[in-house]
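Worksheet: the structure to be examined is printed underneath.
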Amino acid sequence: MDIKSLNKEELKNELSSLGLPKFRSDQIYQWMHVKLVTSYDEMTNISKDLRAKLEAEYPLTTITMERVQESQIDGTKKFLFALPDGNLVESVFMRYKHGNSVCISSQVGCKMGCKFCASTLDGWERNLLPSEMLEQIYAITRITGERVSNVVVMGTGEPMDNYENLVKFYRMLTDENGLNISGRNVTVSTCGLVPMMKRLADEDLNLTLALSLHATTDEKRRTLMPIANTYSIEELMEACIYYFKQTGRRITFEYSLVGGVNDTKTDAEELVALAKRTHAHVNLIPVNPIKERDYVRSGGEAIAAFKNKLEKNGINVTIRREMGQDIDGACGQLRRRKLSEG
Ligand code: SAH
């Protein structure tokens, strides 16, 4: 039983089997999800006896920091955390003018196989539990002493491949009895698992959905992303339109610019058409290098021309600010173990 993955109602039901009244379970929920304690001993308004009993029955899921690296360029911090079973995941803390943002991992490793991404190189190990996704944010809050206002599920893993745990995590994160982070400040990025995107559209959540598009034709997308063999761009666009219709929330297309691969004028024109059709914003990401692959980023001029083309056609477009590139903390650079371990 993973007590930190129980929502408030489930915790109340679980603890009532020990004969605990609701106010007790509310206190315990608050210790875990607001005060972010890592042990029962810190729950000072709970009797010693009860703390010992809880400790024996329900060990608290906590993650421990193995290493932190700080960017000399922008102060971004990349954390390597050990999960209770010894598996490792990375998370990134970024400071922006509008508040602090944490990028979390949703799986140990990834099975999606995108050609330009480091997270998939060692394959997939397992899904993260809701508690393990929450703990990445809780641990960073404890360590930095700063409030986190934005969460992006853009670290290692495909969140839609861990659907149930992701939705539970989102609900607990945005619960007023927990950290109470605004749903609008949570972004979930997917490589495009169409059935899950449609299911998410029906959940009545406030989150921002980002789709890793990266190419405008199936042929080209297949060379970059194996998932394109399963779902066509046409199916993806239909899912995006459905998402917009159901939620009223615009999707973001993430588009990594790879030099000589997807950065021509034709690519830009086709992207305009797709974004118009789906009312999507576009977020351009100059591709970040990973040492095992030889993809290069588009040149400055090609990036500017690409952006210009989109803007001229009325598409809302931003270029993602690179954060923590000197510590391999940028998009597509997170791994499930230390690089030095090979
Ligand atoms: N599995 C999810 C979550 C990963 S999010 C997804 O695919 O969306 C990380 C974002 O960074 C995705 O848009 C991903 O395609 C992109 N990305 C991966 N490797 C990258 C790289 N080397 N440079 C730039 N962006 C990259």
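Atoms within each ligand, like the ligands themselves, are counted from 1 in listed order. It should be emphasised that the depicted structure is a prediction, and the values quoted were computed from it without experimental measurement.
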Any donor-acceptor pair under 3.5 Å linking the side-chain atoms of D263 with those of S298? yes
Side chain, backbone, both or neither: the part of S256 lying under 4.0 Å from ligand 1 by heavy atom: side chain
Given Q30 and N177, is the side-chain hydrogen bond (donor to acceptor under 3.5 Å, both in side chains) satisfied, shown in steps? CA-CA 7 Å; Q30 194 187 39; N177 299 296; over 6 Å; no
Among all protein heavy atoms, pick out the one at the shortest distance from atom 19 (N) of ligand 1; state its residue, atom name and that distance to 0.1 Å. G332 CA, 3.0 Å
Is it true that the side chains of Q72 and D326 contain a donor and an acceptor less than 3.5 Å apart? no
R297 and N288: side-chain donor and acceptor closer than 3.5 Å? yes
How far is atom 6 (C) of ligand 1 from its nearest protein heavy atom, and which residue and atom name does that atom have? S212 OG, 3.4 Å
Sub-3.5 Å N/O-N/O distance, G157 and ligand 1: yes
Which protein heavy atom lies closest to atom 17 (N) of ligand 1, and at what distance to 0.1 Å? F116 CE1, 3.8 Å
Taking only heavy atoms of G155, which atoms of ligand 1 are found under 4.0 Å from at least one of them? 4 (C)
D267 side chain to T264 side chain, donor-acceptor N/O pair below 3.5 angstrom: yes
So the atoms of ligand 1 within less than 4.0 Å of a heavy atom of E254 turn out to be 10 (C), 12 (C), 13 (O)
Atoms of ligand 1 close to C117 [distance to a heavy atom under 4.0 angstrom, numbered from 1]: 18 (C), 19 (N)
Location of contacts on H214 toward ligand 1, heavy atoms closer than 4.0 Å: side chain
Not counting sequence neighbours, which residues clear side chain to side chain donor-acceptor pair (under 3.5 Å) with N313? List them please. none
Enumerate the atoms of ligand 1 whose separation from the nearest heavy atom of T190 is less than 4.0 angstrom. 6 (C), 7 (O), 8 (O)
A82: partners by side chain to side chain contact (heavy atoms under 4.5 Å, CB included), with sequence neighbours left out: T64, E66, L88
Once you round to the nearest 0.5 Å, how far does CD1 of I181 lie from CG of N150? 8.0 Å
At under 4.0 Å between heavy atoms, what of V287 touches ligand 1? The answer is both
Can you tell me the protein heavy atom closest to atom 21 (C) of ligand 1 and the distance? C331 O, 3.3 Å
Could you check atom 5 (S) of ligand 1 against the protein and tell me its nearest heavy-atom contact, residue, atom and distance included? M154 O, 3.4 Å
Minimum heavy-atom separation for G324 and D74, please, with both atom names. N-OD2, 3.0 Å
Test item: side-chain donor near acceptor, E42 and T38, under 3.5 Å: yes
Under a 4.0 angstrom heavy-atom cut-off, which atoms of ligand 1 come close to I285? 24 (C), 25 (N)
Answer yes or no: does an N/O atom from N288 fall short of 3.5 Å to an N/O atom of ligand 1? yes
Within 4.0 Å of some non-hydrogen atom of C191, the atoms of ligand 1 are 6 (C), 7 (O), 8 (O)
